[in-house]
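Notes follow once the structure below has been shown.
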Amino acid sequence: MCGIMGYVGPRQASPILLQGLRRLEYRGYDSAGIAVSDGGNMTILKAAGKLDQLEAVVAGAEPPGNLGIGHTRWATHGPPTDLNAHPHTDSTDEFAVVHNGIIENFHQLKEELMAAGKTMVSDTDTEVLVHLISDEYEGDLAAAVRKAVARATGAYALVAVTVHEPDTLVAVRMISPLVVGIGDGEMYLASGIPALLDHTRQVVVLEDGEMVTINPGRVVLETLQGDPIDREPAEIDWDVEQAEKGGYPHFMLKEIFEQSQVAADCVLGRLDGSSVTLEDVEWPRGFVEELDKVWITACGTAFHAGLVGKELFEGLLRVPTEAVYAHELRYRDPILEPGSLTVALSQSGETADTLAAARLLQDRGSRLLAVTNVVGSALTHYADDVIYTRAGPEIAVASTKAYLAMLVSQYLLALDLGHRRGALDQARALEVGGALAKLPAQLEEVLKREDGVEDVAQLLAGHDDIYFIGRGLDYAVATEGSLKLKEISYLHSEAMPAGELKHGTLALITEGTPVVVVNTQQHVYDKTTSALQEVKARGAMVIGVAYDDDTEIEAYTDHLLRIPRTLDLLSPVLSIVPLQLLAYHVADHRGLDIDQPRNLAKSVTVE
Ligand code: M6R
């Protein structure tokens, strides 16, 4: 997720670009840049770091020109450096491109371009686009962009400019958002409505597979095949804060609703049938075959993702796996055999305990693989391999989409390792790969059921203690459901394996006590149902999370949150969503500060 801003009109472009980028910082903020054209020349200014750094570069050296594009970056390919910041230019510096998203086949395109004598200066996937556009240019920027994007696959939005057409912006939307702002004799382009609201409320929202050519007084909207599209501008009545949240009342809810796209982005270009390509992972010869132990370490929500990982790695690789809280592990004296892999999970890549535990295992000879959302974060500096989760910036303190992206990343990793070790036969690998590919559509389905969750949330909002139970992977999901609830609703909640209840906690279950049960794992279904009967017999109010076609559970539950059927192995990706929504709506009913809960911080960089 990055922010794009474009302007063409009678005014100086650079202040408008900077103001727009400031409004888009919620989309990414690790580096930024602008390209401004005055007719004959194009000036490119970039800076790693927050937008303040770019503003300092621009101050006093404001590039003259009435056309420009700008970008605030959330890195996906290559660390946040000046060189990797956008805009990117071709070798003549006559063309510039800003881009948001992922070009799936950029490795192949890069090789082709380099074989043809092009020099690539950045690590980004974006740079190939600008070379393709300049190669295809024959006096018509729109035609060149059309031909260039026909060679690229992925999910992205881009804007291109050239000194040869000093009043033209050409943009394409392929899944990533892009909006045109209509002014009076001037036009704007942005990846989010907040960037436009200082200038106009008339907008045209591009849809997937559409292209737009913009001049100061004209907007031409077409399909990528060149068929004209007639779309009336819409009038926006949001204020800037509402617009930043995409119209949602809180970032947390927005981020929950982004999860279908997050799952799609995470597998994009990485999963083909059962075969997995992880671009920043390079296993040394023999390592995977000889792997005899996996350590998973993390804190909080990331640790709960690790509990899912433990079941996966043991199930799909048949390798003993230990998931240990990083703040515990770092003060232990772990016994390491040669041939171990540490998977350190951290949304921020900056959590002090996770860094310390990961380094301890690495110092004792383990290979270190980081699963993180932040390119260039501290964890990635130490890691031997990295899987970027590609969830985009997560603003709400309560982690939702980053958790889901960690789950999907671990499925990819398990599939890759399982394949390489020969622990997974082809039929099973195809089954898992196929089910993974279906998750984005199934997540859409779960998210449509928000109203049902809200009804249950109303019933819970007045209770003091809420219990979450499940077995195996369902227990792992229960731990995260419980944490979400307590951190934003301030209600006391506990998660435990369903079989553990009768060893003590059952004493706390009385008439009306809410118990949330996740029950998707068929091999322990009946066992979990027995635990349900035990709590039901004590008068508990039971809320079940179950597959759509599970009718048996109706006899043991008071309320049901349904999910589409998937492989039991993958159910956490779906079953966590109603629990995130439940936590959100309970907190909302209680009128709490959902995005910034008391006493918590987004990133815990101290011990
Ligand atoms: O950035 P990290 O993933 O390393 O953060 C770890 C925890 O601090 C974090 O998951 C925390 O538990 C979340 N606020 C929970 O929503």
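Whatever order the structure lists ligands and atoms in, that order sets their numbers, starting from 1.
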What do we get for Glu487 next to ligand 1 when only non-hydrogen atoms under 4.0 Å count, side chain, backbone, both or neither? side chain

Looking at ligand 1, is there an atom of it that comes within less than 4.0 Å of some heavy atom belonging to Glu350? no

Considering only heavy atoms of Ala302, which atoms of ligand 1 have at least one such atom less than 4.0 Å away? 3 (O), 10 (O)

Approximate separation, where rounding is to 0.5 Å, of Leu574 CG and Ile563 CD1: 5.0 Å

The closest protein heavy-atom partner of atom 7 (C) of ligand 1 is Cys299 O, 3.7 Å

Report the nearest protein non-hydrogen atom to atom 5 (O) of ligand 1: residue, atom name, distance rounded to 0.1 Å. Thr351 OG1, 3.5 Å

Measure the distance from atom 8 (O) of ligand 1 to every protein heavy atom, then report the residue, atom name and distance (to 0.1 Å) of the closest one. Val604 CG2, 4.1 Å

Give the atoms of ligand 1, by number and element, whose distance to some non-hydrogen atom of Ser346 is under 4.0 Å. 1 (O), 2 (P), 3 (O), 4 (O)

Note: ligand 1 atoms sitting under 4.0 Å from heavy atoms of Lys484 are 15 (C), 16 (O)

Using a strict 4.0 Å cut-off to heavy atoms of Ala398, name the atoms of ligand 1 that fall inside it. 16 (O)

Interfacing atoms of ligand 1 (cut-off 4.0 Å, heavy-atom, Gly300): 12 (O)

Heteroatom proximity flag, Thr354 to ligand 1, N/O under 3.5 Å: no

What protein heavy atom sits nearest atom 3 (O) of ligand 1, and how far off is it? Gln347 N, 2.6 Å

Side-chain donor-acceptor pair under 3.5 Å between Gln521 and Ser571, yes or no? yes

What's the separation between atom CD in Glu25 and atom CG in Asp52, rounded to the nearest 0.5 Å? 7.0 Å

Given the rule in the side-chain hydrogen bond (donor to acceptor under 3.5 Å, both in side chains) test, do Glu444 and Ser260 qualify, once you have shown the distances and angles that lead to the verdict? CA-CA 6 Å; Glu444 285 289 346; Ser260 161; 3.2 Å; yes

Distance to 0.1 Å, residue and atom name: give those for the protein heavy atom nearest to atom 1 (O) of ligand 1. Ser348 OG, 2.6 Å

Classify the side-chain pair Asp385/Trp283 by whether it contains a donor and acceptor separated by less than 3.5 Å. no

Among all protein heavy atoms, pick the one closest to atom 10 (O) of ligand 1 and tell me residue, atom and distance. Thr301 N, 3.1 Å

Can you list every pair that meets ring pair (Phe, Tyr, Trp, His ring centres under 6.0 Å) and has a residue in residues 455-485, with sequence neighbours left out? none

Strictly under 4.0 Å, does any heavy atom of Leu600 approach an atom of ligand 1? no

Might you work through the side-chain hydrogen bond (donor to acceptor under 3.5 Å, both in side chains) test for Thr520 and Asp474, ending with a clear yes or no? CA-CA 7 Å; Thr520 67; Asp474 287 336; 2.6 Å; yes

At what distance is the nearest protein heavy atom to atom 14 (N) of ligand 1, and which residue and atom is it? Val397 O, 3.0 Å

How many angstroms lie between OG in Ser122 and NZ in Lys46, if you round to the nearest 0.5 Å? 7.0 Å

Could you check whether Arg590 makes a cation-pi contact with Tyr490, meaning its NZ or CZ is under 6.0 Å from the centre of the six-membered ring and within 45° of the ring axis? no

His250-Tyr584 aromatic ring centre distance below 6.0 Å: yes

